[in-house]
Structures are given as C-alpha cells and as structure tokens.
Protein chains: 2
Amino acid sequence: MRYSKQRELVHASIMSSKDHPTADRIFSEVKKEIPKISFGTVYRNLGQLVEHGFIRIIQLDGITHYDGNVDPHNHFICNECNRIYDFELDNEDFISQVEVKNHHHVSGYQLMVTGTCNKCNIN
Amino acid sequence: MRYSKQRELVHASIMSSKDHPTADRIFSEVKKEIPKISFGTVYRNLGQLVEHGFIRIIQLDGITHYDGNVDPHNHFICNECNRIYDFELDNEDFISQVEVKNHHHVSGYQLMVTGTCNKCNIN
DNA sequence: AAAATAAATAGTAATCATTACTGTTTAGTT
DNA sequence: AACTAAACAGTAATGATTACTATTTATTTT
Ligand SMILES: [Mn+2]
Ligand SMILES: [Mn+2]
Ligand SMILES: [Zn+2]
Ligand SMILES: [Zn+2]
C-alpha cells in the first residue's frame with residue numbers, strides 16, 4: 001500500500017471524529033484540505049483501510065458508517081440525537097446460548113441497541 | 001387499507017417462505033401468479049405491511065430482507081450456506097448492562113450472530 | 001345495479017449510495 | 001533521471017429503492 005496524502009487524511013478524519021461518520025461526511029471533511037478530492041478516492045481508500053484492518057464498518061438503516069475503533073465493541077444508537085455510542089459487554093452470554101441451544105458454531109456477532117442516550121435523557 | 005390481490009400474494013409469499021426473502025425474491029415469486037406485477041407495487045405493499053406490523057425488516061450487508069415473524073427474536077447468519085436462522089434468547093442480559101453502566105434508556109435492539117450453521121457443520 | 005370515489009396498480013423516471021472505468025499524476029525503485 | 005505500478009480526479013455505470021402519472025379497480029353511495 002503506497003503512501004498517499006488523501007488516504008492519510010481519510011484515515012485521520014475517521015480517527016479524530018469519535019463519531020461514526022459516513023463516506024459523505026468524510027468526503028466533506030477531507031475536501032477542506034484537498035478540494036479536488038473525488039468520491040471515488042474516498043471510497044477506494046475506505047475500502048483499503050477496512051481491508052487492512054485499520055478501520056471497520058457498521059451498517060445503520062442500510063447506509064455505511066466507518067469506525068476507527070477496531071477493538072470488539074458494540075453500538076448504541078440514540079433515536080433522539082442520532083448519536084452512535086460505543087459500549088462493551090462483560091460476558092457475551094448469548095454466544096453460548098446459540099451454540100448449545102441451536103448447535104451452530106459462532107464466529108462473530110453484531111449488536112445494535114437503540115433507545116435514548118444519557119444526554120437526551122435528562123428529564 | 002383496501003384489499004388487493006397483489007398485497008395478499010406479497011404477504012403470502014413472505015409467510016410461506018420461512019426464509020428471509022428480499023424484495024427481489026418476493027417479486028419473482030409473486031410474478032408467477034401475477035406476471036404483470038411491478039417492482040413499485042411490491043415495494044409499496046412491503047412498506048404498508050411493515051407499517052401495519054404484519055411483517056418486519058432486517059438489514060443484512062445493506063440490503064433489506066423481510067420477515068413474517070414479528071415476535072421478538074434474533075438472527076443467525078451462516079456464512080457458508082448464507083441461510084438466516086431465527087433464535088430466541090432466555091434473558092437479554094446486555095440490556096441491563098447498557099442501562100446501568102452507560103445510563104442510557106434502552107427501547108430495543110438488533111442482534112445478528114454469524115458463523116457456521118448446524119447443517120453446514122457436520123464434519 | 002349504475003355511478004361515484006378514492007386507493008391501488010403498471011409502467012416508467014428519478015434518486016441515492018456505491019462501484020467501475022479511463023486517462024493522468026505521482027510515490028517509490030532501479 | 002528514467003521507469004513502473006499504484007493512486008488519483010473525473011465521470012459513467014450500477015443496483016436498490018422511491019417517486020410520479022395515467023389507468024384500473026375495490027368499495028361506498030345513490
Ligand atoms: Mn464504534
Ligand atoms: Mn426472523
Ligand atoms: Zn441522544
Ligand atoms: Zn449453513
């Protein structure tokens with residue numbers, strides 16, 4: 001993977017966002033630095049960064065968000081402010097449930113919890 | 001919601017499938033009975049059936065699947081045969097974890113477990 | 001039973017996110 | 001400095017879904 005300024009900025013944009021930005025958002029962000037950058041470049045680099053394990057994707061209502069946190073974790077989506085929060089689980093009890101009750105072999109999972117976040121919840 | 005043969009068949013197609021078909025698959029299925037049916041009709045009726053709670057949707061890799069089972073349950077996707085299985089959980093431990101550790105209010109969740117299903121797992 | 005009304009339809013055009021293509025530029029190598 | 005392949009900008013194409021429109025049809029009203 002040869003160096004390119006555009007990939008560096010795409011990556012930096014995701015890492016600094018803490019949010020879980022879409023390709024669209026990343027494009028706008030990087031465009032400030034490189035006004036001539038094109039969508040194709042953003043998508044190509046996002047694909048490569050995912051492929052090399054620098055970032056990961058999460059799907060939300062059919063659109064793709066990018067996540068700079070590649071450690072295993074889950075997401076909470078506030079349906080008031082639409083922010084996406086990370087959270088971790090102590091024990092993934094449901095994995096063993098699926099394995100013993102359904103006799104499937106589990107290799108991964110994706111959990112998406114929705115509700116009202118603590119910031120929106122001050123009442 | 002006025003009766004229509006096309007909606008009846010769209011609904012019947014989902015209910016009889018046990019699989020979790022896409023709009024595309026439902027279209028092909030209903031087309032056998034009503035060759036002149038259009039995609040617009042399929043999508044419009046799917047939307048209405050969801051709206052009225054007769055079916056629900058699940059997103060998988062950005063494409064929408066339809067589910068005739070509206071009781072709360074989760075999904076296991078086999079990455080060998082690509083079948084989508086239903087399963088239920090005994091206690092949703094992670095809900096309380098999110099509520100007490102992150103102080104969010106949980107209203108729902110979506111869990112997607114991946115791996116190798118019991119049928120593909122006979123080795 | 002005929003007329004009226006509004007919902008649903010078929011067919012097609014438009015949208016939106018994403019991917020593919022193409023000729024040009026550029027990072028890294030010889 | 002010359003070379004080469006990767007990456008680029010720009011643009012066209014794709015695929016799933018939604019929107020539009022003139023026509024048909026289920027249901028209500030006369
Ligand atoms: Mn995350
Ligand atoms: Mn299901
Ligand atoms: Zn919130
Ligand atoms: Zn399988």
Side-chain angles (χ1 to χ4, degrees), chain A residues 1-14 17 19-67 75 77 82 84 110 112, chain B residues 1-14 17 19-67 75 77 82 84 110 112:
Chain A
M1 194 158 59
R2 202 176 62 171
Y3 171 85
S4 84
K5 188 77 184 171
Q6 11 291 88
R7 185 183 308 116
E8 182 181 19
L9 292 185
V10 165
H11 196 186
S13 169
I14 296 167
S17 103
D19 204 69
H20 295 77
T22 61
D24 192 82
R25 289 256 316 284
I26 295 159
F27 173 71
S28 313
E29 190 65 25
V30 177
K31 208 181 169 84
K32 292 175 190 168
E33 296 283 322
I34 306 175
K36 294 178 75 67
I37 197 168
S38 69
F39 256 113
T41 297
V42 171
Y43 275 111
R44 181 166 18 79
N45 282 308
L46 288 170
Q48 282 183 121
L49 290 168
V50 169
E51 204 178 322
H52 287 76
F54 295 117
I55 62 173
R56 56 183 290 224
I57 67 175
I58 59 176
Q59 303 265 12
L60 189 55
D61 294 322
I63 71 154
T64 305
H65 294 246
Y66 296 86
D67 192 341
H75 294 102
I77 298 101
N82 294 309
I84 304 172
Q110 204 213 341
M112 223 93 163
Chain B
M1 193 158 61
R2 201 176 64 171
Y3 171 85
S4 83
K5 187 78 185 170
Q6 13 287 89
R7 186 182 309 116
E8 182 180 19
L9 292 184
V10 165
H11 196 184
S13 168
I14 297 166
S17 104
D19 205 70
H20 295 77
T22 60
D24 191 83
R25 288 256 316 283
I26 296 159
F27 173 72
S28 313
E29 190 66 25
V30 176
K31 207 180 171 83
K32 292 175 190 166
E33 295 282 320
I34 307 175
K36 294 178 74 67
I37 198 168
S38 69
F39 256 113
T41 298
V42 171
Y43 275 110
R44 183 167 15 80
N45 282 310
L46 287 170
Q48 282 182 121
L49 290 168
V50 170
E51 204 179 324
H52 287 77
F54 294 117
I55 62 173
R56 57 184 288 227
I57 67 175
I58 59 175
Q59 304 265 12
L60 190 54
D61 293 322
I63 70 155
T64 306
H65 294 245
Y66 295 86
D67 192 341
H75 294 103
I77 299 101
N82 294 309
I84 304 171
Q110 204 212 339
M112 224 93 164

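Letters go in sequence order (proteins before strands), and every chain restarts at 1. All values below were derived from every heavy atom in this structure, side-chain atoms included, with hydrogens, water molecules and symmetry-related copies excluded.
- Phosphate proximity of dA7(D) to Gln48(A): present, with a side-chain N or O under 4.0 Å from OP1 or OP2.
- The phosphate of dA9(D) (OP1 or OP2) has a side-chain N or O of Thr41(A) nearer than 4.0 angstrom.
- For dT17(D), the OP1/OP2 oxygens have a side-chain nitrogen or oxygen of Tyr43(B) closer than 4.0 Å.
- OP1 or OP2 of dA10(C) sits under 4.0 Å from a side-chain N or O of Gln6(B).
- Closest approach of His65(A) and His20(A) over heavy atoms only: ND1-O, 2.6 Å.
- One finds the CD atom of Glu29(A) at 9.5 Å from the CD1 atom of Ile26(A) (value rounded to the nearest 0.5 Å).
- Shortest non-hydrogen contact noted between Thr22(B) and Tyr66(B) is C-CD1, 4.3 Å.
- Closest to the side chain of Tyr3(A), from the set dT18(C), dG28(C), dT9(C), is dG28(C).
- Between Ile34(A) and Arg2(B), the residue anchored closer to the 5' end of DNA chain D is Ile34(A), taking for each the nucleotide with the nearest heavy atom.
- Between Ile37(A) atom CD1 and dC8(D) atom C1' the separation is 9 Å, expressed in whole Å.
- The distance from atom CZ of Phe27(A) to atom P of dC8(D) is 13 Å, rounded to the nearest whole Å.
- At whole-Å resolution of the value, CG in Asn45(A) and P in dA7(D) are 8 Å apart.
- A distance of 10.0 Å separates CG of Leu46(B) from CZ of Phe39(B), quoted to the nearest 0.5 Å.
- A close approach under 4.0 Å does not occur between any side-chain nitrogen or oxygen of Thr22(B) and OP1 or OP2 of dA16(D).
- OP1 and OP2 of dC8(D) both lie 4.0 Å or more from every side-chain N or O belonging to Lys36(A).
- To the nearest angstrom, P of dT17(D) lies 12 Å from CG of Leu60(B).
- We find that CG of Asp61(A) is positioned 14 Å from C1' of dA17(C), with the value rounded to whole Å.
- A distance of 8.5 Å separates CG of Asp67(B) from CD1 of Ile55(B), quoted to the nearest 0.5 Å.
- As rounded to whole Å, 10 Å separates atom P of dT18(C) from atom CD1 of Ile26(A).
- What separates CD of Glu51(A) from P of dA6(D) is a distance of 13 Å, to the nearest Å.
- Residue Arg44(A) is the one, among Arg44(A) and Gly40(A), whose nearest nucleotide of DNA chain D lies closer to the 5' end (criterion: closest heavy atom).
- For Thr64(A) and dT18(C), the shortest distance from a side-chain N or O to OP1 or OP2 is below 4.0 Å.
- Put simply, Ser4(B) has no side-chain N or O that comes within less than 4.0 Å of OP1 or OP2 on dT25(D).
- Whole-Å rounding puts the Ile63(A) CD1 to dA16(D) P distance at 18 Å.
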